[in-house]
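The block underneath contains the structure these notes are about, expressed in C-alpha cells.
None of the values given here were measured: they were computed from a predicted structure. One-based numbering along the sequence shown. When a ligand or atom number is given, it counts from 1 through the structure's own listing order.
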Amino acid sequence: MTTDLTIELAPSSSPRSAEERGRLLRDPGFGQVFTDHMVTARYLPDRGWHDARLGAYEPLTLDPATSALHYGQSIFEGLKAYHQPDGGVALFRPEQNAERFQRSARRLAMAEVPTGLFLDAVRELVRADRDWVPTQPGESLYLRPLEFATDPFLGVRPSRGYLFLLFASPAATYFTGGVRPVSVWLSTEYTRAAPGGTGEAKCAGNYAASLVAQAQAAEQGCDQVVWLDAIEHRYVEEMGGMNLYFVYADGRMVTPSLTGTLLPGVTRDSILTLGRDMGLDVSEGRISTEDWEAGAADGSLTEVFACGTAAVVTPVGEVKHTHGSFTVADGQPGAVTMKVREALLGIQQGTAPDQHGWVQRVA
Ligand SMILES: *Cc1c(COP(=O)(O)O)cnc(C)c1O
C-alpha cells in the first residue's frame, strides 16, 4: 500500500512573528507552547495511509462517537530535535521511536504507521518549524507523534479509521530547578502494568491509570511514583514515565529487565551501551525494594537514577514507602549519574562524538 506516501506541504498562512516566537522561546517550560505546524495523515483499510499533509497547527473537529474517546485506542511517542553547534538540527535514534510506535499500534489492534511516513513527518515538521528549535543548553524541540481511532461507532471492536498526528513543542528542562534529585514513593496499592496487559505499549490509557498513584505520591510529599511488579509488589519496574538504573560500589550498573510490563525506553537502551563504553559492568536484572533499601543501608548501592527522553537523566534521592523512608548515599546527584547524563546530552547536542551512529541531521 502507500508506504511511499509523500507529505503535501501546506505551510501556515499565519505563522507567529519572529518577535512573538522569541517571547515564547524565552521561557518555554514543558509541553505548553506549540509551534506553527503539524502533520496529519489518515488511514482506512481500503485506502491505506493517505492525505499526509503538513499544515497549520490547529484544533481538531471530532464526532462525539469517535471511538478513541470511548475505548482508548490511542498511542503516542516522544522524541526531541536538538540544536547543533553549527546551527543545524539533529534527531536522536528516531527510527527507534518509529518502531516502538508500530509495536504499540499492534498491541492496541491499530493500523501501523510505516517507518518511512513516521520519519518523513518528523523531518518535514522540524524543517518547517526549525526556527522553533531552542538553542540554549538543555533545551530542545519536543516532538509528539500520536495516533488514535477515528470511527464514529459505539460498538466495541478495533476502529477501521485512524488519524496520525505529529506536532512539536519547544522545551526547557522537564523537571524545573535543574538537576535536583527527585523523591519517590514506592506504590504498593496501585500498579502500572500487569503481565499480559499494555505496559510495553506507549498508550494513553497507561498514563490515565497512573495519575491517581502519582497524586498519592504527591500526598506523601514525593515528586514521583515508583512502580512495582503487579504480582508481589516487590520488584522495581519504573519511575513515573521513566526507566530506572541502580549503580553499585563494585562498578555494576543494573536496570530492571524488560519483562513485558515495562516500557522499553530508547534512553534506557542507549545507556546500556554508554555505560559499557564507560567501563561499567552493565546488566539487566531483577531488583527488589528490599535489595534497594539494604543496598542503601550497607553502602553497596551508591546511586539510583531515572532516564527518559523528556527529562534525560534524573537522580533519585529520598525513597518513601508505607513503613518508612531511606536515602541512597547522601541523596545528592552521584558521579556516575552525572557522567551518564553529560555523555548522553553531549551526543544529542553535538558536543561529543557520535560513536554509535545515533544522531541524524535533519536541518
Ligand atoms: C516513554 C516512557 C519511558 C521512556 O522512554 P524513552 O524512549 O527513553 O523516552 C519510560 N517509561 C514510560 C512509562 C514511558 O511512557
> Where do Ser183 and Gly221 come nearest, in terms of heavy atoms and distance?
Replying inline: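 For Ser183 versus Gly221, the nearest heavy atoms are OG-O, 3.7 Å.
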
Inventory of protein N or O atoms under 3.5 Å from ligand 1 N or O:
{"unit_1": "ligand 1", "atom_1": "7 (O)", "unit_2": "Arg100", "atom_2": "NH1", "d": "2.8"}
{"unit_1": "ligand 1", "atom_1": "7 (O)", "unit_2": "Arg100", "atom_2": "NH2", "d": "3.1"}
{"unit_1": "ligand 1", "atom_1": "7 (O)", "unit_2": "Val266", "atom_2": "N", "d": "2.8"}
{"unit_1": "ligand 1", "atom_1": "8 (O)", "unit_2": "Val266", "atom_2": "N", "d": "3.3"}
{"unit_1": "ligand 1", "atom_1": "8 (O)", "unit_2": "Thr267", "atom_2": "N", "d": "3.0"}
{"unit_1": "ligand 1", "atom_1": "8 (O)", "unit_2": "Thr267", "atom_2": "OG1", "d": "2.6"}
{"unit_1": "ligand 1", "atom_1": "9 (O)", "unit_2": "Thr309", "atom_2": "N", "d": "2.9"}
{"unit_1": "ligand 1", "atom_1": "9 (O)", "unit_2": "Thr309", "atom_2": "OG1", "d": "2.6"}
{"unit_1": "ligand 1", "atom_1": "11 (N)", "unit_2": "Glu238", "atom_2": "OE1", "d": "2.5"}
{"unit_1": "ligand 1", "atom_1": "11 (N)", "unit_2": "Gly241", "atom_2": "O", "d": "3.4"}
{"unit_1": "ligand 1", "atom_1": "15 (O)", "unit_2": "Lys202", "atom_2": "NZ", "d": "2.7"}
{"unit_1": "ligand 1", "atom_1": "15 (O)", "unit_2": "Tyr207", "atom_2": "OH", "d": "2.7"}

> Looking at the rings of Phe101 and Phe118, which for Trp means the six-membered one, are their centres under 6.0 Å apart?
Replying inline: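 Phe101 vs Phe118: aromatic centres under 6.0 Å.
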
>> Looking at Phe167, I'd like to know if the NZ or CZ of Arg144 sits under 6.0 Å from its six-membered ring centre while staying within 45 degrees of the ring's axis.
In response: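 Not flagged: Arg144 not positioned over aromatic ring of Phe167.
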
>> Would you say Ser270 and Arg93 are linked by a side-chain donor-acceptor pair, where the criterion is simply a distance under 3.5 Å?
In response: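 The criterion, which ignores hydrogens and geometry beyond distance, is satisfied for Ser270 and Arg93.
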
> Do Glu20 and Arg23 sit within salt-bridge range, that is, some charged N less than 4.0 Å from a carboxylate O?
Replying inline: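 Salt bridge: yes.
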
>> Between Glu284 and Arg268, does any side-chain N to carboxylate O distance fall below 4.0 Å?
In response: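 A salt bridge is present here (some side-chain N lies under 4.0 Å from a carboxylate O).
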
